[in-house]
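Protein chains get the first letters and strands the later ones, always in sequence-line order, with residue 1 at the start of each. Atoms considered below: every heavy atom in the structure, side chains included; atoms not considered: hydrogens, waters and symmetry mates.
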Protein chains: 2
Amino acid sequence: MLSEAVSHRRPLNAAKNMAPDVTLSSIFSDRPTESFAAGSGLVWEGDPANHVFEVVEGVLRIFRIIGDGRRAITGFLYPGDILGVSMRDRYLYSAEAVNSVKVRRFSATSFQQAINLSPELRPQFFAKLCDEMAGAQEQMVMLSRKNAEERICTFLLRLADKGAKDRCDNLEIEVPMTRLDMADYLGLTIETVSRTITSLIGRGVISQRGRHDMRINKIAMLARLAGDGDCMGANGSGGPYARQAVWPA
Amino acid sequence: MLSEAVSHRRPLNAAKNMAPDVTLSSIFSDRPTESFAAGSGLVWEGDPANHVFEVVEGVLRIFRIIGDGRRAITGFLYPGDILGVSMRDRYLYSAEAVNSVKVRRFSATSFQQAINLSPELRPQFFAKLCDEMAGAQEQMVMLSRKNAEERICTFLLRLADKGAKDRCDNLEIEVPMTRLDMADYLGLTIETVSRTITSLIGRGVISQRGRHDMRINKIAMLARLAGDGDCMGANGSGGPYARQAVWPA
DNA sequence: CGGAGTTTTGACTGGAATCAACTGCGGTGG
DNA sequence: CCACCGCAGTTGATTCCAGTCAAAACTCCG
């Protein structure tokens, strides 16, 4: 934990409030881009973590496979994201291209040195780690406490947010991944994903143009169905989890 | 991602292979310990992240509450663990004492500076972050793809591992948390937790001395029931997730 | 002893998984 | 061009695991 704590909003040694000239992704900028076809793998769980990748274009899926072949997708990486952070000497997970992907590759040791030597890069790196951690938390909450419809709605909302950064309207969303990817990410089966989406369409919450192009018609309804109701903070009324004293006994 | 990459097995500036004299927890060592009674809260989700805590004794639960009061415990912290890492300016989650807990408190900004100034501390800090990330991954896999029995067995195994560091035998395990804590951690209900444990006892896999003291009788069976079968790597036979080419197209 | 909280047990329900067709689409090649 | 195939997705019927509701048993303390 702690990440922003180790500064992030403002580089430590650059008090001037201008964008830092050295950014995390800038250290990849002179590297050639490599292309991966949809479905091809970049790294495998357990392999020595020799490289770090910056996603330039396309989407990656990050996953682990357990015992009898069950797959759990723990996240997707979009342009600007970095693959290989939060690794020890071996990759914690496998990564495959969801669609056609372009990446820039960097040696893990060089990356490590660059980070370690630059007081400008370090906070950005910490911030990345903490974002990743926050995302993992979010995912855990979803997987342990949300039903199928809430999961799908949460997922669609996240995609919309993601898309909002690129385009201006966030109501037309592109869904590059297959139903199987969605299912393995949300802890459901393809059938349940399909049924739930059909149901949302039936109620007019969303509509589909192509397989991978959706439109959100009722964003407020979608947010309500996502289930992270904002009863936060209040917590005054009884319930099983009423707040208790905050300070030492 | 990346963490060990930023070194961890060997401090950067201490080539001699002796234990580093400055450890992450040593920076807490001159701080007074504070006690929290079972059930009391240390930090709350959304509050400004002003402090970092080192757990000295006892167990903390880390959790978030969504919408209609559902609680998801995202982890437990044991002695030696640090609360408040991976935070940005606000806490991502709440923390409460499971049992009687002693902690040492440190200001987040001082902690941040200590980390940032010390090339010895930094790698340890990264390692912590990465361990946390690895744990989160593990948890996501469990929550999305394991059934009730597999979850309980996985949990008991983790407790056994944890205990093995303290005592010599890891078969007598202490379970400080309540069934409700376990349920909220594993994404189940207390009834299912109770039933599953009863079933394991019935089959002689484990036995119970007190409510919070268990004994593992058949550790191999428990590991098998936990479900992370080690079919890893192989992945040669068809299946929906056969490996594909690893190198660029 | 009593009462509140925790855990266990039982009966029943329900939501998602499973099993199984079927549709729709894009490519391929005769 | 169209028949054919393969794959992704949809839809339906049924099953089953875990959730829900309810009550009893056990524990811990005052």
B:D213 CG to D:dC26 C1': how many Å, rounded?
-> 16 Å
Quick one: A:N147 CG to D:dT20 P, roughly how many Å, whole number?
-> 10 Å
Whole-Å distance, A:R145 CZ to D:dG19 C1', equals 11 Å
Just call it for B:S194: base, sugar-phosphate, or nothing, with non-hydrogen atoms closer than 4.0 Å on any strand.
-> base
Helix axis bend for the helix from C:dC1-D:dG30 to C:dG30-D:dC1 - C1'-based end axes, five pairs, 10° rounding | 30°
Nearest-Å distance, CD1 (B:I197) to P (D:dA18)?
-> 14 Å
When the distance from CE of A:M182 to C1' of D:dA8 is rounded to whole Å, what number comes out?
-> 13 Å
Upstream residue (5' side of DNA chain C) when A:L188 and B:E191 are each assigned their closest nucleotide | B:E191
Write down the distance between CZ (B:R179) and P (D:dC26), rounded to a whole number of angstrom.
-> 15 Å
Along DNA chain C, 5' to 3', what are the outermost nucleotides having an atom less than 4.0 Å from a heavy atom of chain B?
-> C:dT7 to C:dA11
Round to the nearest Å and state the distance from A:L200 atom CG to D:dT10 atom C1'.
-> 15 Å
Contact class for B:G187 (heavy atom, under 4.0 Å): base, sugar-phosphate, or nothing?
-> sugar-phosphate
Relative to the ring of B:F106, is the ring of B:F28 parallel (under 30°), tilted (30 to 60°) or perpendicular (over 60°)?
-> perpendicular
Just by distance, do the side chain of A:R151 and the backbone of A:L143 share a donor-acceptor pair under 3.5 Å?
-> yes
Are the side chain of A:S199 and the backbone of A:R195 linked by a donor-acceptor contact shorter than 3.5 Å?
-> no
Can you give the donor-acceptor pairs under 3.5 Å from side chains of residues 97-104 of chain B to other protein atoms, not counting sequence neighbours?
from   : atom 1 : to    : atom 2 : distance (Å)
B:N99  : OD1    : B:V59 : N      : 2.9
B:K102 : NZ     : B:S35 : OG     : 3.3
B:R104 : NE     : B:R31 : O      : 3.1

Could you go step by step and tell me if A:M140 and B:M142 meet the side-chain contact (heavy atoms from CB on, under 4.5 Å) rule?
-> CA-CA 10 Å; A:M140 284 189 277; B:M142 191 185 73; over 6 Å; no
Tell me yes or no: between the side chains of A:T74 and B:Q137, is some donor less than 3.5 Å from an acceptor?
-> yes
Examine D:dG19: is either OP1 or OP2 under 4.0 Å from a nitrogen or oxygen in the side chain of B:T192? Give yes or no.
-> yes
Pair B:S144, A:D184: side-chain N/O donor-acceptor within cut-off below 3.5 Å | no
Rounded distance in Å - CG (A:L180) to P (D:dT10) | 13 Å
For B:E149, which contact category applies under a 4.0 Å heavy-atom criterion: base, sugar-phosphate, or nothing?
-> nothing
So, A:E149 and A:R203, do they make that salt bridge, N to O below 4.0 Å?
-> yes
Between A:R195 and A:R211, which is nearer to the 5' end of DNA chain D once each is assigned its nearest nucleotide?
-> A:R211
State whether B:D181 and B:R179 are salt-bridged, where the test is any N-O pair (Lys NZ or Arg NE/NH1/NH2 against Asp/Glu carboxylate O) under 4.0 Å.
-> no
